[in-house]
Amino acid sequence: MAYVISDSCIACGTCIDECPVSAISEGDIYSIDADACVECGSCADACPNGAISLP
Ligand code: SF4
């Protein structure tokens with residue numbers, strides 16, 4: 001199971017620098033590569049909008 005980014009994402013970019021495996025991609029809403037995510041939770045802790053969680 002990988003973390004997912006909801007439509008609450010404001011594309012601020014905070015999470016990208018937190019991911020140890022570079023699983024997060026930029027976009028209008030950012031996204032997480034489910035195959036690369038190691039479920040560390042670093043991005044979820046960093047998101048200022050609470051947009052990242054486990055499904
Ligand atoms: Fe990257 Fe960890 Fe977030 Fe997965 S949970 S996308 S490994 S920072």
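In what follows, residues are counted from 1 in the order of the sequence shown. Computed from a predicted model, the values in this text were never measured in an experiment. Ligands are counted one by one from 1 in listed order, and the atoms in each one are counted from 1 as well.
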Chemist: With the threshold set at under 4.0 angstrom, would you say Pro20 reaches ligand 1 through any of its heavy atoms?
Modeler: yes
Chemist: Provide the tally of protein N/O/S atoms nearer than 2.8 Å to atom 4 (Fe) of ligand 1.
Modeler: 1
Chemist: List the atom of Cys47, the atom of Ala51, and the distance in Å for their closest heavy-atom pair.
Modeler: SG-N, 3.3 Å
Chemist: Compile the donor-acceptor pairs under 3.5 Å between side chains in residues 7-24 and protein atoms, sequence neighbours left out, one pair per line.
Modeler:
residue: Ser8; atom: OG; partner: Ser6; partner atom: OG; Å: 3.4

Chemist: If hydrophobic clusters are built from ILVMFWY residues whose side chains come within less than 4.5 Å, do Ile52 and Leu54 share one?
Modeler: yes
Chemist: Answer yes or no: are there more than 12 heavy-atom neighbours, outside Asp28 itself, under 6.0 Å from its atom CG?
Modeler: no
Chemist: Show me the donor-acceptor pairs within less than 3.5 Å that the side chains of residues 31-38 make with the rest of the protein, sequence neighbours left out.
Modeler:
residue: Asp33; atom: OD1; partner: Asp35; partner atom: N; Å: 2.9
residue: Asp33; atom: OD1; partner: Ala36; partner atom: N; Å: 3.4

